[in-house]
Undergrad: 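Take a look at the following structure, please.
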Amino acid sequence: MAPVSYRPRIWAIGISRLNRAFAEWLPVYADQADFRILDKGFEAAAAAIAREVREGRLDAVVSGGANGAYLRQHVDIPVIVVKVTGFDVLNALATARQRSSRIALVTHAEVYPEVEAFCRAFALAIPAYTYRAEEDATALIQTLRQEGVEVVVGPGMVADLAERAGMAAVFLYSGSSVQGALEDAIEAVRLRRIEAGRREYVNAILAHLEEGVVAVDEGGRIQSFNPAMERLLDMPAASVVGRRWQSLVPSLPLESVLESGTRELAAIHHVRGKTVVVNRIPLLSDGRATGAVLTMQDANAIHRADRSLRTRTRARAAGVRYTLDDLLGDSPAMREVRALAQRYAQVDSTVLIQGESGTGKEVLAQGMHQASPRHPFPFVAVNCAAFPETLLESELFGYEEGAFSGARRGGKVGLIESAHNGTLFLDEVGDMPPALQIRLLRVLQERQVQPVGSLDAVPVNVRIIAATHRDLAELVRQGVFRQDLYFRLNILSLRVPPLRTRREDIRLVAEALFRRIQRRLQPGDPVPLPDILAQQLECYDWPGNIRELENVLERVAVLMAGGLEGVESLAQAARSVAPELFALPAPAAPIPTSVPVLHAAEALTRVSRASELAHIRAVLAAHGGRRNEAARALGISPTTLWRRLKAADAPDQARDRPTDA
């Protein structure tokens with residue numbers, strides 16, 4: 001069904017003669033608009049128009065002379081004044097001249113230059129007068145009658161006053177003038193509806209902006225006031241539209257912009273207890289400011305957007321190298337770990353991964369991130385044991401400019417913010433200082449980060465995966481690790497088994513790593529892992545787990561790249577580069593069968609630790625006591641090596657310490 005075209009609603013307002021002219025021409029335009037003739041003027045006409053406008057039943061008004069000028073000042077819809085041309089005046093004067101030589105021309109507000117030029121050209125003396133209001137016209141007619149004027153040429157009101165004073169009158173308006181005014185009124189309504197449609201479209205756009213927007217006309221009166229500005233200033237639009245902006249918010253004047261036509265951008269102001277960023281932009285037409293737009297945005301919103309932008313820019317640099325398929329092993333334990341990890345990847349709950357050093361906890365964390373819906377977003381890893389406490393705080397939470405001596409200009413985005421929408425991997429979380437444990441707990445509870453030196457918390461959407469080689473439950477019992485944080489981290493739990501408990505995986509893992517290492521070291525097809533070496537690998541306990549296995553295999557691969565032939569030659573070479581494989585500790589004493597189950601488990605733990613310590617000492621001896629080289633051979637850091645040796649020496653020191661009598 002075709003839409004019904006809109007019919008303009010127009011009032012034609014005049015007194016006697018003008019109304020008769022309207023009545024003569026309105027039928028010609030009846031198919032284009034709904035017209036009504038109103039025989040009122042000035043205050044009475046303005047009051048009637050205001051009622052109709054409030055009800056939405058009137059679009060425009062056509063009137064003439066002083067009446068039209070008055071209505072233009074007192075109503076809020078278009079008022080089209082009937083225009084008198086020089087031809088109309090001359091034609092009316094010619095008609096008046098036929099009646100008498102004592103004539104006068106009376107017009108509203110202005111004298112027509114065409115008439116003056118005509119009178120000068122033909123040496124005619126036709127007095128011309130003007131009036132502003134009805135009182136002026138009444139007094140002027142009385143004066144003209146006293147001066148002996150017999151015929152008055154003027155608009156409808158003047159003609160009526162002249163006739164009541166006993167003089168003849170000639171109506172000034174021609175049919176073409178009335179016709180032109182009616183056509184102008186129809187066109188004005190059409191253009192106004194187009195403009196209203198555009199305004200509604202712009203207002204719909206402004207309504208969806210988070211930035212406050214106010215538009216004013218050249219007089220500084222508010223024309224548009226969007227919902228965001230309502231919220232920022234706590235002012236309803238209905239109560240401010242049409243009022244002067246300066247009277248509402250004097251601290252943000254627009255007069256200078258309207259006068260200079262120059263924009264003012266990114267100015268910082270304090271309005272109603274808020275820090276805001278303000279832009280003031282003139283609206284120019286033909287080089288002149290016809291209005292202005294002021295935009296306002298909460299500084300906190302801009303700050304958050306800036307931090308988000310820096311977060312995205314920084315986070316994209318860090319890549320994720322591993323998937324769950326890179327967690328090698330075909331043992332039942334490893335199949336279960338991968339299956340659980342795949343299931344846990346689909347939810348956002350916090351995960352705690354436990355396992356010895358070198359078992360592949362970060363590989364597992366990266367694989368879970370890759371398998372999760374968060375995989376398009378950052379994966380950010382931080383080792384909680386690798387930083388001093390003060391540095392770790394600023395790295396995790398970021399800081400504001402000037403937060404401390406040496407702080408970077410502009411501040412710094414923390415690693416937690418950098419992982420927004422993605423995954424934050426906290427490695428060695430058991431070594432996190434107690435003060436930071438409290439702050440991390442707040443992040444987990446509130447999902448907000450407060451940078452160092454900032455008063456404002458920044459919301460973050462991040463999934464946390466924590467990992468540790470330490471027994472967090474034991475650390476909680478010792479009072480070293482917060483119990484509430486432990487419960488927050490240990491929602492979903494995964495334990496990666498050490499390599500020595502899944503010996504069936506050693507050959508599979510070793511072959512995959514050996515191929516990868518050879519491709520990295522030199523081009524060409526990789527050679528298979530020799531059986532004699534694979535057998536030796538399977539007999540070893542691997543205290544450094546996969547990391548240590550990879551280190552040993554790289555040594556062998558470098559050695560084989562030089563060319564070796566024969567089993568004896570390979571065994572000798574392997575013994576020289578990986579002496580730990582051939583320095584197995586003496587068998588530990590068997591566990592007595594009469595020991596209770598709980599004590600047997602403790603004894604088994606002591607045997608495992610003694611075996612690990614013997615292996616560490618054998619590797620250390622093979623490298624002449626050089627701890628850095630021994631640590632590299634074991635696949636652990638020198639700090640870890642020192643810590644394990646110190647822990648092993650502690651019981652001996654305690655045993656040798658004198659006791660109280």
Side-chain angles (χ1 to χ4, degrees), residues 315 318-386 415-416 419 422-432 440 444 462-473 486 488-506 508-513 516 542-551 553 635-637 640:
V320 177
R321 295 186 298 163
Y322 301 110
T323 67
L324 290 177
D325 292 335
D326 291 311
L327 200 67
L328 301 174
D330 199 35
S331 61
M334 290 307 297
R335 287 200 297 268
E336 182 180 0
V337 168
R338 284 194 298 269
L340 279 175
Q342 184 67 47
R343 186 180 305 171
Y344 292 170
Q346 307 310 311
V347 296
D348 281 338
S349 304
T350 304
V351 179
L352 178 62
I353 303 174
Q354 300 181 78
E356 296 179 6
S357 295
T359 51
K361 297 187 290 294
E362 183 165 357
V363 174
L364 179 58
Q366 288 192 21
M368 291 178 63
H369 173 77
Q370 281 290 74
S372 75
R374 294 177 178 264
H375 73 272
F377 298 98
F379 176 89
V380 178
V382 55
N383 190 321
C384 299
L415 293 172
I416 298 176
T423 302
L424 177 68
F425 176 55
L426 297 175
D427 199 8
E428 303 297 355
V429 72
D431 294 312
M432 178 174 284
L440 177 61
L444 292 171
V462 62
R463 199 256 180 99
I464 291 181
I465 300 177
T468 182
H469 71 282
R470 307 182 69 179
D471 186 347
L472 289 189
Y486 172 65
R488 281 284 181 179
L489 293 176
N490 194 29
I491 297 176
L492 302 177
S493 182
L494 283 171
R495 185 174 294 275
V496 186
L499 202 52
R500 64 179 174 275
T501 64
R502 50 185 182 102
R503 293 188 181 274
E504 64 267 44
D505 287 337
I506 291 179
L508 173 66
V509 174
E511 289 175 345
L513 292 176
R516 185 186 304 166
W542 300 109
N545 292 292
I546 295 176
R547 186 182 297 123
E548 183 185 5
L549 174 61
E550 188 172 13
N551 290 349
L553 291 173
I636 59 179
S637 68
T640 303

Undergrad: Please report the C-alpha distance between Leu440 and Ile464 in whole Å, then the side-chain angles of each, then the deciding distance to 0.1 Å, and finally whether the side-chain contact (heavy atoms from CB on, under 4.5 Å) criterion is met.
TA: CA-CA 10 Å; Leu440 177 61; Ile464 291 181; 4.2 Å; yes
Undergrad: Work out which heavy atom in Leu489 is nearest to a heavy atom in Ala466; give both atom names and the distance.
TA: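 Minimum heavy-atom contact is CD2-CB, 4.1 Å.
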Undergrad: In Å and rounded to the nearest 0.5 Å, what is the CZ to CD distance from Arg495 to Glu356?
TA: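 Arg495 atom CZ to Glu356 atom CD measures 9.5 Å (nearest 0.5 Å).
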Undergrad: Kindly indicate whether the side chain of Ile465, heavy atoms from C-beta on, has any atom under 4.5 Å from the side chain of Leu424.
TA: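 Side chain of Ile465 against side chain of Leu424, heavy atoms only: no contact under 4.5 Å found.
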Undergrad: Measuring only between side-chain heavy atoms, which start at C-beta, is Tyr322 closer than 4.5 Å to Val320?
TA: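 No - every pair of side-chain heavy atoms lies 4.5 Å or more apart.
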Undergrad: Is there a donor-acceptor contact under 3.5 Å from the side chain of Asn545 to the main chain of Arg547?
TA: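 Checking the backbone N and O of Arg547 against the side chain of Asn545, no donor-acceptor pair under 3.5 Å is found.
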Undergrad: Heavy-atom distance under 4.5 Å between the side chains of Gln354 and Val496, does that happen here?
TA: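 Not in contact.
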Undergrad: Ignoring hydrogens and angles, tell me if any N or O in the side chain of Lys361 forms a donor-acceptor pair with the backbone of Gly355 under 3.5 Å.
TA: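 Yes.
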Undergrad: When rounded to the nearest 0.5 angstrom, what distance separates CG in Leu327 from CD in Gln366?
TA: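 Output value for this atom pair is 11.5 Å.
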Undergrad: How long is the gap from CG on Leu364 to OG1 on Thr359, to the nearest 0.5 Å?
TA: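 Rounded to the nearest 0.5 Å, the CG-OG1 separation comes to 9.0 Å.
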Undergrad: Taking side chain to side chain contact (heavy atoms under 4.5 Å, CB included) as the test, write out the residues that go with Arg502, two or more places apart.
TA: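 Once residues adjacent in sequence are excluded, the partners of Arg502 under the side chain to side chain contact (heavy atoms under 4.5 Å, CB included) criterion are Ser331, Met334, Pro497, Leu499, Glu504, Asp505, Val509, Ile546.
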Undergrad: For Arg335, give me all partners under salt bridge (charged side-chain N to carboxylate O under 4.0 Å, His left out), at least two apart in sequence or on another chain.
TA: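 By the salt bridge (charged side-chain N to carboxylate O under 4.0 Å, His left out) rule, Arg335 matches Asp330.
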Undergrad: Any salt bridge (Lys or Arg N to Asp or Glu O under 4.0 Å) involving residues 462-473? Give me the pairs, sequence neighbours left out, ordered by first then second residue.
TA: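 Those involving residues 462-473 are Asp431-Arg470.
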Undergrad: Any side-chain heavy atom of Val351 sitting closer than 4.5 Å to one from Asn490?
TA: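 No, side chains not in contact.
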Undergrad: Indicate yes or no for a side-chain donor-acceptor contact from Gln346 to the backbone of Ala371 under 3.5 Å, with no hydrogens or angles considered.
TA: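 Yes; judged by distance alone, with no hydrogens or angles, the pair exists.
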Undergrad: In Å and rounded to the nearest 0.5 Å, what is the CG to CD1 distance from Leu328 to Ile506?
TA: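 Here the interatomic distance stands at 13.0 Å.
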Undergrad: Would Gln342 and Leu324 count as a side-chain contact (heavy atoms from CB on, under 4.5 Å) if you check the C-alpha gap in whole Å, the side-chain angles of each, and the deciding distance to 0.1 Å?
TA: CA-CA 8 Å; Gln342 184 67 47; Leu324 290 177; 3.4 Å; yes
Undergrad: Is a side-chain donor or acceptor of Thr501 paired with a backbone partner of Pro498 at a separation under 3.5 angstrom?
TA: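 Yes; at least one donor-acceptor contact below 3.5 Å.
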Undergrad: Val380 versus Thr423: any side-chain heavy-atom pair under 4.5 Å?
TA: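 The answer is no; the side chains never approach within 4.5 Å.
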Undergrad: Is a salt bridge present between Asp325 and Arg338, judged by a nitrogen-to-oxygen distance below 4.0 Å?
TA: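 Looking at Asp325 and Arg338, the cut-off is not met.
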Undergrad: Is there a side-chain contact between Leu494 and Met368, using heavy atoms and a 4.5 Å cut-off?
TA: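 The answer is yes; the side chains approach within 4.5 Å.
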Undergrad: Give, for atom CG of Leu549 and atom CH2 of Trp542, the distance between the pair rounded to the nearest 0.5 Å.
TA: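 The CG atom of Leu549 sits 4.5 Å away from the CH2 atom of Trp542.
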Undergrad: Donor-acceptor pair, distance only, cut-off 3.5 Å: does the side chain of His369 make one with the backbone of Phe377?
TA: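 Yes: the side chain of His369 pairs with the backbone of Phe377.
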Undergrad: Please name the pair of heavy atoms, one in Glu428 and one in Ser357, separated by the smallest distance, quoted to 0.1 Å.
TA: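 Shortest heavy-atom contact: OE2-OG, 4.5 Å.
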Undergrad: To the nearest 0.5 Å, what is the distance between CG on Leu340 and OG on Ser493?
TA: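 So the CG of Leu340 and the OG of Ser493 are separated by 9.5 Å.
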Undergrad: Answer whether the closest heavy-atom distance between the side chains of Val347 and Leu492 falls below 4.5 Å.
TA: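 Counting from C-beta outward, Val347 and Leu492 do come under 4.5 Å.
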